[in-house]
Each structure stands twice: as structure tokens, then as C-alpha cells.
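Here is the structure we will look at, set down as C-alpha cells.
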Amino acid sequence: MELQVKTLAGGAAGSITVSDEIFGLEPRTDLIHRVVRWQLAKRQAGTHKTLGRSEVTGTTKKFVRQKGSGGARHGNKKAPQFRGGGRAFGPVVRDHGHDLPKKVRALGLKHALSAKAKADGIVIVEDAKAAEAKTKALKEQLAKLGLTSALVIDGAEVDNNFVLASRNIPHLDVLPVQGINVYDILRAHTLVLTKAAVSALEERFK
């Protein structure tokens, strides 16, 4: 598959041939869905907690006689049905993460990239570098490329000036190629890859 390469200023910079095994697959939504669920579950804090009847403060004295009251035979004010009692089956601190095979994760990433390519949502740029850390200048360049919501993936190292200039631009994320992930790819309207990022991805999936 051949994709056009652009400069940050919006000009043409030739073309690049990308692997069909990464960018030319027929997207499988079931695989993409599995990887997104795995990502979101893994990042859940899981710190929600309520107090059970063994953890709340309350009397354990039998507060009503065994017979004759016409009510239940209660012996503890910490039971869930009483105000101030413990919560029955409440949430506890736990890990929400679950296992997902590495091969499925890799395949999910390939299909997410292919889905973006199929929807014409990929822009290849020569590099992602800024002469100075100026947000205004970078916004003008992105406007020339027609980018409003984008994920920019650079090579192994990201240009520091570009990162500083992009920090205050809404709906723009910048990551090194090691941080590329399915959820961020789908969340952004456009995926911007540098030539270095494309080379690194093809090397990774070789």
C-alpha cells in the first residue's frame, strides 16, 4: 500500500510504501474490541470500597427479646438492614485486569491501524520536529494539515520542542512508537505517523 507523505507545513514530501500486513488488513471489530476492553480494565483503579458488617462500629448486644415482639430475632445492630449497618455485598478493593494473549494484542493493534487506513484516517509526515517550543506556531501548522483531533506517533524518541509546543493544544496527543495503543488510535480522529514511526512499526511486526 502506498501513502502520501506530507511536511508539517502541509506540503508534499513524496510517498511511502507501507506493509499490507499491518495497514492493509480487513478490520476485525471483535479483536479491536477485546484489546480496548483489556486496556480499559487494566487501568481501572479498583480502589472502591464499602464497609461490611464486620467493619462498622455498632453494638453486638441483643437489642430485642427473643420472643413476643412480633418481629425478627435480631441480635446485632450492624446487620445491613439497619441504618448505620454494614453494606451487604458491597464493592471491595480488587484488580479489574484480565489476561489477554500477546498475539491477540499485536493483532488488535494491526487491525486498528488497518481500520484507520481504510477510513483515510492516517497522515504520514516526514518528521515531527519544532524549531522552538511555541504552541501558536504548531497550531498554525496543524491547521494547514487539517488536524483537529489527532494522535501523533513519532520514532523511539520524541522531539522535546514538539512535545512542549503540543501540551496546551486540546485533542492532540504525542507518543513515542513504544506507546502506540489501540484505545488512543480509535479515540483520535486522525492518526499522524512519522516516517520513523512507520519504520519502527514494520520492524516490530516483521
What's the spacing between K42 NZ and D95 CG if we round to 0.5 Å? 10.0 Å
Is any side-chain heavy atom of D173 closer than 4.5 Å to a side-chain heavy atom of R187? yes
Taking C-beta and beyond as the side chain, do E202 and I22 meet within less than 4.5 Å on heavy atoms? yes
For the CE atom of M1 and the OG atom of S19, what is their distance to the nearest 0.5 Å? 9.5 Å
Are L151 and L113 in one and the same hydrophobic cluster, where Ile, Leu, Val, Met, Phe, Trp and Tyr link if side-chain heavy atoms are under 4.5 Å apart? yes
Roughly how far, to the nearest 0.5 Å, is CD1 of I180 from CD1 of I153? 4.5 Å
Of the non-hydrogen atoms in A196 and G155, which two are nearest, and what is the gap between them? CB-CA, 4.0 Å
Please say whether more than 12 non-hydrogen atoms of neighbouring residues, nucleotides or ligands are located less than 6.0 Å from CG in N168. no
In one Ile/Leu/Val/Met/Phe/Trp/Tyr side-chain cluster, 4.5 Å: L25, L186: no
From CA spacing to verdict: side chain to side chain contact (heavy atoms under 4.5 Å, CB included), F82, R53: CA-CA 10 Å; F82 296 122; R53 66 184 292 172; over 6 Å; no
Shared ILVMFWY cluster between L147 and I185, side chains joined below 4.5 angstrom? no
Any side-chain heavy atom of L145 within less than 4.5 Å of one from V125? yes
What I want to find out is whether K134 reaches E140 closely enough, with some N-O distance under 4.0 Å, to be called a salt bridge. no
Between K118 and E26, does at least one N-O distance fall below 4.0 Å, as a salt bridge requires? yes
Any donor-acceptor pair under 3.5 Å linking the side chain of T135 with the backbone of A165? yes
Do L191 and L8 belong to the same hydrophobic cluster, where Ile, Leu, Val, Met, Phe, Trp and Tyr are linked whenever their side-chain heavy atoms lie under 4.5 Å apart, directly or via other members? no
Salt-bridge criterion met for K129 and D127 (N-O under 4.0 Å): no
Using 30° and 60° as the class limits, which term best fits the ring planes of H96 and H48: parallel, tilted or perpendicular? tilted
Do H74 and K62 come within less than 4.5 Å of each other through their side chains, counting heavy atoms only? no
Rounded to the nearest 0.5 Å, what's the gap from NZ on K144 to NZ on K139? Could you check? 15.0 Å
Write down the atom of A156, the atom of V177, and the distance for their closest heavy-atom approach. N-CG1, 4.2 Å
Tell me, with the steps shown, if E55 and K49 meet side chain to side chain contact (heavy atoms under 4.5 Å, CB included). CA-CA 11 Å; E55 298 166 308; K49 175 78 173 74; 3.1 Å; yes
Do the side chain of R34 and the main chain of R37 share a donor and acceptor less than 3.5 angstrom apart? no
If we ignore hydrogens and angles and just use 3.5 Å, is the side chain of W38 paired with the main-chain N or O of D99 as donor and acceptor? no
Verify the cluster assignment for F162 and L164: are they in a single hydrophobic cluster under the rule of side-chain heavy atoms below 4.5 Å apart? no
My understanding is that only one of L3, V5, V18 makes a side chain to side chain contact (heavy atoms under 4.5 Å, CB included) with V198; could you say which? V18
Is any side-chain heavy atom of V104 closer than 4.5 Å to one of L31? yes
Can you check whether Q4's main-chain N or O pairs, donor with acceptor, with S15's side chain at less than 3.5 Å? no
Quick check, are the ring centers of F23 and F205 under 6.0 angstrom apart? no
Identify the heavy atoms of A128 and D154 that sit nearest to each other, and give their distance. O-OD2, 3.8 Å
Spacing of Q39 atom CD and L100 atom CG [to the nearest 0.5 Å]: 10.0 Å
Testing the basics here: between A72 and V64, what is the closest heavy-atom pair and its distance to 0.1 Å? O-CG1, 4.1 Å
Side-chain heavy atoms of V123 within contact of L193, under 4.5 Å: no
Is atom CD of E21 surrounded by more than 12 heavy atoms (other residues, nucleotides or ligands) closer than 6.0 Å? no
Interatomic spacing from NZ in K136 to CD1 in I169 - rounded to 0.5 Å: 13.0 Å
Indicate yes or no: at least one non-hydrogen side-chain atom of I16 is less than 4.5 angstrom from one of E2. no
Is there a donor-acceptor pair under 3.5 Å between the side chain of R28 and the backbone N or O of D30? no
Where P27 and A115 come nearest, the two heavy atoms and their spacing: CG-CA, 3.6 Å
I need the minimum non-hydrogen distance between K116 and H189, along with the two atoms involved. NZ-O, 3.2 Å
Over 12 foreign heavy atoms within 6.0 Å of NZ, K6: no
Could you walk me through whether L142 and L172 pass the side chain to side chain contact (heavy atoms under 4.5 Å, CB included) check? CA-CA 10 Å; L142 295 178; L172 179 68; 3.6 Å; yes
How about R87 and L51: do any of their side-chain heavy atoms sit closer than 4.5 Å? no
